Amino acid sequence: MSRSIDIAKVRNIGIMAHVDAGKTTVTERILFFTGKRHRIGEVDDGDATMDWMVQERERGITITSATTTTYWREHKINIIDTPGHVDFTAEVERSLRVLDGAVAVFCAVGGVQPQSETVWRQAAKYGVPRLAFVNKMDRMGANFDSVVREIREELGANAVPLVIPIGAESSFRGIVDLVNMSAVFYDETPNGIVLRQAPIPEDFRQPAAEARERLIERVSEHDETLLEKYVDGKEPERDEIVFALRQATFHGKIIPVLCGAAGKDKGIRRLLDAVVDYLPSPVDLPAMAGTNPKGIQVIQRPQSDAPLAALAFKVQADKHVKKLTYVRVYSGVLKAGEHVLNSTRDKRQRLGRVFEMHANSREAVDELHAGDVGAVAGLTDTFTGDTLCSEDHPVLLEAIEFPAPVMSIAVTPENRADDDRMALSLIRLAEEDPTFTSRVNTETGQVVISGMGELHLEIIVDRLRREFGVGVVAGPPKVAYRETVVGVVVHEHRHVKQTGGRGQYAHMIIRVEPGETGSDLQFESQIIGGAIPREYITSIEKGVADAMAEGPFAGFPMVAVKVTVLDGSSHEVDSSDHAFRTCGAVGFRDACRRAGLVLLEPVMSVEVITPEEHTGAVTASFYSKRGKVANLEKRADSVIVEALVPLAEMFGYSSELRNLTSGRGVFTMHIADYEPVPSSLAEKIIKTQRESRDR
């Protein structure tokens, strides 16, 4: 397939928003009005084109970013519909890395919501130009002016309305187009919504004139031609306004704002016009830079006759072709069947079939050109963030950064037959999702999977069962408890065993006491005169280490213990490494019981950043978890809460914090120390541990 459209007429855009702001509904209407789909899919009915996963349709939310291509006014528009739930922020991150522009959807009632802020920051990080679409203008409580004000104040954006709504809530019936200075009415008919152009109604002429004046004033700040006309009191031409708006949008100086009600088919065609008029094509933005093998910067021109440079931004398991790799082509042409270099891994790979994607369906094409977004089969050794390039012109593009997982659960196969399949399935899921990891806890023997939140891990477990046919049981991971001694004791132990022939003899006197905080075993010898040969001192140390691996209190590893060998004796014939190692282990356990034992639990240093109004709820939560608030620090409009909290109390905290702070709080944590478990709780833990060992 050869390119049938000029790259200047290509738009690579993302639709992003807080969950339930209506972005998937906006995308469905775009597909309908551009002729890509002849029937409108509804999220609530579970038949939205872009929400194709079973889990998405059951829950009515977007989980994975979906890609499609459509056309409007002879322009090619590649669309990525991104998730709105914070647990799937990686899908937004990887999408924004390869997009040229974005449509931020805001609810006319909810305004700037928590995830709106998150995706806005992500878009700003990658310098992605944005439009804003205020959706759900037909809902009770809709307020266009309030949302515009929130975008300015809470996001710090120069939001400039291109329209003003005619009516609101149930009386929302049209818009005033401030660029064309005309009214557009959405007439409801038995056959659907019909657009009707008309003069601006009398009662809207004055507000429209004032709004247009503000529009021109704001845009002229970024365009000299417009500024001259504005200062001279001259009326600018429509094309001059559009050009100035376009340039200001490219550079992030202005955020054009439109409005509508996607669920009622209102405002979508004006939004499409704005995508074409104001969002950039690949040639409107700075060329992508990479580095060659010598570390020298290389500029990748967005042209099909330039050397190939493409970025793999997503990997997806596929039952038909095993693995689909989504790519954005920055320069050159990516052709099916050709060999390319994966410069990230320094591997030569052969491209399989090449596809233009439409959610989970695909259309095979011969090639993808500069500016295109598509998918490739056959790249078994290519992963998210890898660069594909020409073998003759190697280049490495900047990879994608992803946040670290914040929550973990344990998964266990229901039977041994599922064991190997679970391991392979977890590897495939980790290839797809860079914010998902799995590991085996060597202490507890559990397989622990980690992700961005409870919903994220819930979806992973559901996919293991449905897609991969693996029976798993999910539960909280075991806490890695420790044991230590609390007193000081001098203990004598003899190991004597005679069974005929050579026997076993070992004798030692040791002092056992608490060691330094944070240490494991501190071992020393005060033997003078060779009462115990030096090689047997080492054997005693090995025996003590063996016993510490499984403490005498509840079977947990021991920490912070100091052992000193004071005296002892040996036998020329019956003493051996084995005898003294056994003596060390058994004698140490007996000494620990005499000294007294305590159970220790890992205590985490937790830092929460929250809006000031939620500080009380956050600190109260820590106190309810046996935690201690160590510090409160005011910073700008936020408060940093530092606390020490037992790890056992922190499972599920990401979801709890989201509820406590309306999704605005974030936290980090790392292990600080081990501290004694309260005796009442320790008894329960020890009982559970012993029952587990007996089974």
Side-chain angles (χ1 to χ4, degrees), residues 5 9-17 21-45 47-52 62 66-82 99 101-108 130-139 162-163 165-166 172-177 179-180 182-198 242 256-279 281 356-359 361 363 373:
I5 195 164
K9 291 188 174 183
V10 173
R11 303 287 184 272
N12 291 310
I13 68 166
I15 312 293
M16 61 186 199
K23 66 189 159 30
T24 298
T25 302
V26 168
T27 308
E28 292 296 318
R29 266 50 183 190
I30 287 175
L31 297 181
F32 177 74
F33 287 120
T34 57
K36 187 72 177 183
R37 192 177 186 194
H38 301 294
R39 185 180 69 83
I40 296 175
E42 298 290 354
V43 174
D44 293 341
D45 295 339
D47 65 350
T49 304
M50 304 300 275
D51 286 350
W52 57 270
T62 302
T67 306
T68 190
T69 300
T70 191
Y71 296 84
W72 183 256
R73 283 173 38 192
E74 300 181 342
H75 285 67
K76 180 179 183 179
I77 305 177
N78 296 313
I79 303 172
I80 301 181
D81 179 33
T82 63
L99 292 172
V103 175
V105 179
F106 297 92
C107 174
R130 281 145 280 170
L131 301 174
F133 182 75
V134 180
N135 191 30
K136 302 188 178 182
M137 282 298 302
D138 58 333
R139 294 289 180 89
L162 304 189
V163 300
I166 299 175
F172 176 64
R173 62 189 188 281
I175 59 169
V176 173
D177 184 332
V179 176
N180 296 311
S182 63
V184 178
F185 289 94
Y186 305 112
D187 295 335
E188 298 185 18
T189 72
N191 296 320
I193 297 294
V194 175
L195 262 66
R196 175 170 57 88
Q197 299 271 12
V242 170
V257 185
L258 300 97
C259 71
K264 294 289 182 65
D265 305 338
K266 298 177 180 181
I268 299 302
R269 281 163 280 198
R270 269 296 184 276
L271 175 61
L272 280 163
D273 286 338
V275 167
V276 168
D277 289 339
Y278 306 121
L279 289 182
S281 73
E356 186 177 273
M357 298 301 297
H358 181 52
S361 64
E363 177 187 347
V373 175

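All figures in this text were calculated on a predicted structure; none of them were measured in a lab. For the numbers below, each heavy atom of this structure counts, side chains included, while hydrogens, waters and symmetry mates do not.
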If every non-hydrogen atom of L258 is compared with every non-hydrogen atom of A274, which pair is closest and at what distance?
CD1-CB, 3.9 Å
For Y186 and D265, what are the C-alpha separation, side-chain angles and deciding distance, and is it a side chain to side chain contact (heavy atoms under 4.5 Å, CB included)?
CA-CA 9 Å; Y186 305 112; D265 305 338; over 6 Å; no
Sorted by chain and residue number, the side chain to side chain contact (heavy atoms under 4.5 Å, CB included) partners of R139 (sequence neighbours excluded) come out as V109, K136
Rounded to the nearest 0.5 Å, how far does OG1 of T34 lie from CG of L272?
6.5 Å
To the nearest 0.5 Å, tell me how far N78 CG sits from L99 CG.
9.5 Å
Contacts of D273 that satisfy salt bridge (Lys or Arg N to Asp or Glu O under 4.0 Å) - sequence neighbours left out
R73, R270
About how many Å separate CG of L279 and NE2 of H75, when rounded to the nearest 0.5 Å?
11.0 Å
Shortest non-hydrogen separation from A21 to V105 and the atoms involved
O-CG1, 3.7 Å
Where is the tightest heavy-atom contact between C259 and I175, given as atom of each residue plus distance?
SG-CG2, 3.8 Å
Set of side-chain hydrogen bond (donor to acceptor under 3.5 Å, both in side chains) partners for D187, sequence neighbours left out
R196
Sub-3.5 Å donor-acceptor pair from the side chain of R11 to the main-chain atoms of V276, do we have one?
yes
Mind checking what makes side chain to side chain contact (heavy atoms under 4.5 Å, CB included) contact with T189, not counting sequence neighbours?
N191, V194
Indicate yes or no: at least one non-hydrogen side-chain atom of V103 is less than 4.5 angstrom from one of M16.
no
What's the verdict on side chain to side chain contact (heavy atoms under 4.5 Å, CB included) for I5 and E74, showing C-alpha distance, side-chain angles and the deciding distance?
CA-CA 8 Å; I5 195 164; E74 300 181 342; 5.6 Å; no
Test item: Q197 and D177 side chains (from C-beta on) under 4.5 Å apart, heavy atoms
no
At what distance, to the nearest 0.5 angstrom, does CZ of R130 lie from CD1 of I13?
14.0 Å
Closest non-hydrogen contact found for I193 with K264 is CG1-O, 3.1 Å
Nearest heavy-atom pair of L131 and V275: which atoms, and what distance?
CD1-N, 3.9 Å
CE of M357 to OG1 of T67: how many Å apart, nearest 0.5 Å?
7.0 Å
Side chain to side chain, F133 and K23, heavy atoms closer than 4.5 Å
no
About how many Å separate CZ of F33 and CG of L195, when rounded to the nearest 0.5 Å?
8.0 Å
Taking side chain to side chain contact (heavy atoms under 4.5 Å, CB included) as the definition, give me every residue that meets it alongside A262, ordered by chain and number, with sequence neighbours left out.
T25, V26, N135, I268
What's the shortest heavy-atom distance between F172 and P165, and which atoms?
CE1-CB, 3.9 Å
Partner set under side-chain hydrogen bond (donor to acceptor under 3.5 Å, both in side chains) for K266, not counting sequence neighbours:
E188
